[in-house]
Novice: 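Handing you a structure now.
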Amino acid sequence: MLKEKIESLKKQFLEEVGKITPSEERLFELEKKYLGRKSEFIGILKNLKNLTPEERKQIGELANRTKDEIMEIISGKKKELEAGSIDFEKEKIDVTIPGKRKGVGHLNPISLVQMEIEDIFTSMGFEIADGPEVENEHYNFDVLNVPKDHPARDMQDTFWLKDISNKEKLVLRTHTSNVQVRYMEKHKPPFKIIIPGKVFRHEATDPRHEHTFYQFEALVVGKKISAANFKYIAKTFFERFFEKEMNVRLRPSFFPFTEPSFEFDITCNICNGKGCPTCSHSGWQEIGGAGMVNQKVFEAAGYKNGEYQGFAWGFGMERLAMLKYKIDDARLFHGGDLRFTKQF
Ligand code: PHE
C-alpha cells in the first residue's frame, strides 16, 4: 500500500516538474508540496514508527531514496535557473582595455640599507640586537664611562625628557651604544652583534645633519679580539656593501667607552680613491667612530676587568645610503617627498 503510494507520488512529481516552466517561485512551491513539513510524503516518513520492523526497513529505504531523488531534481533545476540568469552581455569583459596601473609602495633607502646591513652581518654569524629609544641616563651615558660633566650630556646634543618619576633622568638615546651594556648584562662572551636603530640629537638640521637619524652599532667580544679583527670585518662588510674593493683607514680619536678609539674612513666610492670634490680630494670618506671596548664598560656590565676584549663601532646609516645611492642631502630621507622615495 505505502509502497504504491510512494511510487505514485514520485510519478506525480515527475510529471509536474516536467510541465512547469521553472522559476524560483514554482520550484519553491513544488518543493513545499512534495517535501514540505505538511506534505503527504513527509507524513509517510513520520509514520514509519507505526510499522512492523520488516516494513519499516523496506518502506524507510524506499521513502528516503525517493526523497533524495526529488531533492536532487529540484536542486538541479535551481542550478539551471541560476546559470540561465547570467546576463552574459552585461558581464562581458573587454580584455583589450588597458589595465589600471596599481601604485606599488617603495622602501625608503634607509630601510634598504638596513636590510642589506642585516643580511651581510647575519651571513657572517652576527646576531641582531635591539634596545629602547627612550633611555635612561644610566645606559645612554653612565655605563659608557661618559663623565657627568661631558659636553655630550649638555642640552646642546641631548634631548632630555621631562622628569616624571623623579627616579631616573630619561633621554632620547643619542646613540645605539646604549644597547651595549644592556646586551652584555644578559649575555656571556663570545658574541658578535649589530644594533641598528633610530637615534636623536639636539642639533640644527643641515645637508649633513638631522636631529633624528639611524645608526648601527657593532659589538664583538671574546677572549682575543683585536683591532685587526675589527679592520678585517669592516673591510669585508664595506666590500660587500659597495660591491667593490674598499680600504679602511683608522685615525686616532677619543670616545669615553673605547680605548684606544678611532675615527675611520673608507675608500671614497665616488672616485674610488683618486680624489674628487665629494671627498675633498683626499680619496677617503669619513664613516664613523670605533674602538676597543673600554674595560670600564665591561666592568659596568659585570665582566671582570681584563677577562675579555672587544671592539665596537657606530655609523650613521644615512651616510652609507648617501654614498651608495649618491644622495647629497640628508634631509631628503625623512622629508616625506614621494618624488624622492619613488626612485628606490
Ligand atoms: N656611539 C658613538 C657615536 O654615536 C660611535 C661609536 C660607537 C664609537 C662605538 C665607538 C664605538 O658617535
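Only a predicted model underlies this, so the values are computations on that prediction, with no experimental measurement involved. Ligands are counted one by one from 1 in listed order, and the atoms in each one are counted from 1 as well.
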Novice: If you measure every N/O of Q215 against every N/O of ligand 1, is any gap under 3.5 Å?
Specialist: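 N/O-N/O distance below 3.5 Å exists for this pair.
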Novice: Roughly how far apart are Y183 OH and D130 CG, rounded to 0.5 Å?
Specialist: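 Here the rounded value is 12.0 Å.
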Novice: Using heavy atoms and a threshold below 4.0 Å, how should the contact between F255 and ligand 1 be classified: side chain, backbone, both, or neither?
Specialist: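 Side chain only.
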Novice: With rounding to the nearest 0.5 Å, note down the distance linking OG in S75 to CD in E80.
Specialist: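 Result: 10.5 Å between the selected atoms.
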Novice: Going by the order shown, which atoms of ligand 1 are within less than 4.0 Å of some heavy atom of G289?
Specialist: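 Counting from 1, the qualifying ligand atoms are 6 (C), 8 (C), 10 (C).
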Novice: Could you label the plane-to-plane angle of the Y308 and Y303 rings as parallel, tilted or perpendicular, counting under 30° as parallel and over 60° as perpendicular?
Specialist: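 The rings of Y308 and Y303 stand perpendicular, inter-plane angle above 60°.
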Novice: For ligand 1 and R201, I'd like to know whether there is a polar contact (N/O to N/O, distance under 3.5 Å).
Specialist: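 R201 vs ligand 1: N/O contact under 3.5 Å present.
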Novice: Using a strict threshold of under 4.0 Å (side-chain N to carboxylate O), is an ion pair present between E54 and K57?
Specialist: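 Salt bridge between K57 and E54, a charged N being under 4.0 Å from a carboxylate O: no.
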Novice: What are the atoms of ligand 1, with element, lying closer than 4.0 Å to any heavy atom of F257?
Specialist: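 Checking each atom against F257, I get 1 (N), 2 (C), 6 (C), 7 (C), 8 (C), 9 (C), 10 (C), 11 (C).
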Novice: Is there a nitrogen or oxygen of E217 sitting under 3.5 Å from a nitrogen or oxygen of ligand 1?
Specialist: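 N/O-N/O distance below 3.5 Å does not exist for this pair.
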Novice: Taking distance alone, with no angle check, do S177 and ligand 1 share an N/O pair under 3.5 Å?
Specialist: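 The answer is yes, given that S177 and ligand 1 share an N or O pair closer than 3.5 Å.
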Novice: Evaluate the side-chain proximity of F200 to H211: yes if any heavy-atom separation is below 4.5 Å, no if none is.
Specialist: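 H211 does not reach F200 side chain to side chain.
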Novice: What protein heavy atom sits nearest atom 7 (C) of ligand 1, and how far off is it?
Specialist: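 The closest one turns out to be G314 N, 3.3 Å.
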Novice: Strictly below 4.0 Å, N to O, side chains only: are E299 and K304 in salt-bridge contact?
Specialist: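 Answer for the salt bridge query: no.
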Novice: Go through it in stages, so that I can follow the logic: the residues are E29 and R26, the test is salt bridge (Lys or Arg N to Asp or Glu O under 4.0 Å), and I'd like the CA-CA distance, side-chain angles, deciding distance and then a yes or no.
Specialist: CA-CA 5 Å; E29 276 166 27; R26 289 294 291 127; 2.6 Å; yes
Novice: Taking only heavy atoms of A312 into account, list the atoms of ligand 1 that are under 4.0 Å away from them.
Specialist: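 Reading through ligand 1 atom by atom, the close ones are 9 (C), 11 (C).
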